Visitor: 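Got a structure for you, questions after.
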2 protein chains.
Amino acid sequence: MSVDQTAKRDIPDATVARLPGYLRALGQMTSQGVLSVSSEELAHSAGVTSAKLRKDLSHLGSYGVRGVGYDVAHLNYQISRALGLTHDWPVIIVGMGNLGRALASYGGFATKGFKVVALLDRDPLVVGERLDDLAIQPMDALDALVRPGEACIGVIATPAGSAQEVADLLVAAGVSSILNFAATAIQVPEGVHMRKVDLSTELQILAFHEQQRFGASPEDFLEGAAR
Amino acid sequence: MSVDQTAKRDIPDATVARLPGYLRALGQMTSQGVLSVSSEELAHSAGVTSAKLRKDLSHLGSYGVRGVGYDVAHLNYQISRALGLTHDWPVIIVGMGNLGRALASYGGFATKGFKVVALLDRDPLVVGERLDDLAIQPMDALDALVRPGEACIGVIATPAGSAQEVADLLVAAGVSSILNFAATAIQVPEGVHMRKVDLSTELQILAFHEQQRFGASPEDFLEGAAR
DNA sequence: ATTTGTGAACGGCTTCACAGCT
DNA sequence: AGCTGTGAAGCCGTTCACAAAT
């Protein structure tokens, strides 16, 4: 009890954000029968530099062997543990439109660590419908789904107009982590962790870089019109 | 011609990544009839601090009025211009499964700045099918779609197993920006801009924070098993 | 001989606090 | 009086380069 088996707490955010990428690369190596890997190889496969990879891993502990590399299975386990994936987290998806259905049947959940426990929708017309082995439930089923003191992740896949309302309901039910796919910014109280995935944001960032590459387009010369 | 109308080049990456958020907040204000906004209000609505917002905007130019705030319409225009959204960028979506269809009909493209010009799929069974007002085309239509010297954004919405192959085809056709929704890391040559959106990565990052909040779970005590 | 783990230097982003402008 | 724009300071993350380990 007094022995701290885990490495130093406080893994930098930037490192946490890259760990899933390492995990995926290790998974591919496992399925290829690779038993050991160097930081150089793993880094290339994950799309980062080897120095960055080694620095990242150093925050979890010392799991490599100098002169040799990393044991694929052991490193996979250690990263999983650091991320908290040694057991499944329950996930609730709200909004069963095109996007919600795509998410529900997405391979992403097949990855060890998550289990979709409920699909919710406001529309009585789709409630009751079956997707895979889950029935779509109405919104008021939410309170019974989230047990106090037990973690739960909510995924918002509704139209933008309903996103804030759904977020409020999730928070009220006790969900403390939210992944928002709706095309709008939502406000959550302090203490609730929120991440956003947004197509148009990503496209706009790409557009910026395309613009820099290809130079300004003709239309851009009507600058000053709004003066 | 010798007059540089645009502000200093080189907007920091971190700033570029936030500009879409400001744009969205400004759009909401426009639709609410708000004409002027302070950095404090806009920052809150976008979920950042006012100092960060002002610093970000300072990289585009000086578009506010001291003692007053920002003109919503003008700031909206200036950010759009900085991001290169004064004209529409053509987008090609590859992979017409659940996810591809969701993306094709997603509101994200409705945002000024993008136009889906083609839907592609490898499967002959879905080729020819109509979605909205576009017919799904076979993969070999790609070369005719991308004009040399003209920018084009490719979206990969295929299963993980096909993602690298599709990326190679897109690059070969001349696409220089790729948004990857497939659950795998893909390699692209230097000079091609690639961004990744991945459900399981986002969930795993949330899981890490949930774990920190709720503490270690019982299973975590079998540490050392892999020694 | 080879590859990890890490202090140290570096660079970029955020925060602070206030000068500058309306 | 009020709010923006921005140097300066501080913080965080990345890169470098090498000591440590096998």
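Within every chain, numbering begins at 1; the chains are lettered A, B, ... in the order of the sequence lines, protein sequences first and strands thereafter. Predicted model, so just to flag it, every value in this text is computed and none were measured.
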Visitor: For the pair made of CZ in R66(B) and P in dC18(C), what is the distance, rounded to whole Å?
Guide: 16 Å

Visitor: Taking only side-chain nitrogens and oxygens of S39(A), does any of them come within less than 4.0 Å of OP1 or OP2 of dT3(C)?
Guide: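 No, S39(A) has no side-chain N/O under 4.0 Å of OP1/OP2 on dT3(C).
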
Visitor: Looking at side-chain heavy atoms only, is the closest gap between L179(B) and V91(B) below 4.5 Å?
Guide: no

Visitor: On DNA chain D, compare the nucleotides closest to G69(B) and G67(A); which residue's is nearer the 5' end?
Guide: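 Checking each residue's closest nucleotide, the 5'-ward one belongs to G69(B).
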
Visitor: Return the value, rounded to whole Å, for the distance between atom CD of E40(A) and atom C1' of dG5(C).
Guide: 15 Å

Visitor: Going 5' to 3' through nucleotides 7-15 of chain D, assign each nucleotide B (protein heavy atom under 4.0 Å from a base atom), S (under 4.0 Å only from sugar-phosphate atoms) or - (no protein heavy atom that close).
Guide: BB----SSB

Visitor: Take the protein atom CG of L57(A) and the nucleotide atom C1' of dT3(C), then report the distance between them rounded to whole Å.
Guide: 13 Å

Visitor: Take the protein atom OH of Y70(A) and the nucleotide atom C1' of dT3(C), then report the distance between them rounded to whole Å.
Guide: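 My rounded result for the distance is 9 Å.
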
Visitor: Which residues pass the side-chain hydrogen bond (donor to acceptor under 3.5 Å, both in side chains) test with D71(B), not counting sequence neighbours?
Guide: none

Visitor: Rounding to a whole Å, what distance do you find between Y63(B):OH and dC21(C):C1'?
Guide: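 Result: 18 Å.
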
Visitor: So, for V171(A) and P189(A), which heavy atoms are closest and what is the spacing to 0.1 Å?
Guide: CG1-CG, 3.7 Å

Visitor: Considering all heavy atoms of both residues, which atom of A163(A) and which atom of A182(A) are nearest to each other, and what is their separation?
Guide: CB-CB, 3.6 Å

Visitor: Specify the separation, in whole Å, of atom CG of D71(B) and atom C1' of dT22(C).
Guide: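 Between C1' of dT22(C) and CG of D71(B): 15 Å.
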
Visitor: Between S62(B) and dG5(D), is there a contact of a side-chain N or O with OP1 or OP2 at under 4.0 Å?
Guide: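 Yes, because at least one side-chain N or O of S62(B) sits under 4.0 Å from OP1 or OP2 of dG5(D).
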
Visitor: Enumerate the salt bridge (charged side-chain N to carboxylate O under 4.0 Å, His left out) contacts for residues 162-175 of chain B, please, sequence neighbours excluded, ordered by first and then second residue.
Guide: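 Output for this query lists R122(B)-E165(B).
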
Visitor: Could you state the CZ-P distance from R54(A) to dA17(D), rounded to the nearest angstrom?
Guide: 13 Å

Visitor: Do we see a donor-acceptor contact under 3.5 Å between the side chains of H74(A) and Q78(A)?
Guide: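 Yes, Q78(A) and H74(A) have a side-chain donor paired with an acceptor closer than 3.5 Å.
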
Visitor: Figure out the CG/P separation between L60(A) and dT4(C), and round it to whole Å.
Guide: 15 Å

Visitor: Between the side chains of R213(A) and S177(B), does any donor sit under 3.5 Å from an acceptor?
Guide: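 Side-chain D/A pair, R213(A) to S177(B): absent.
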
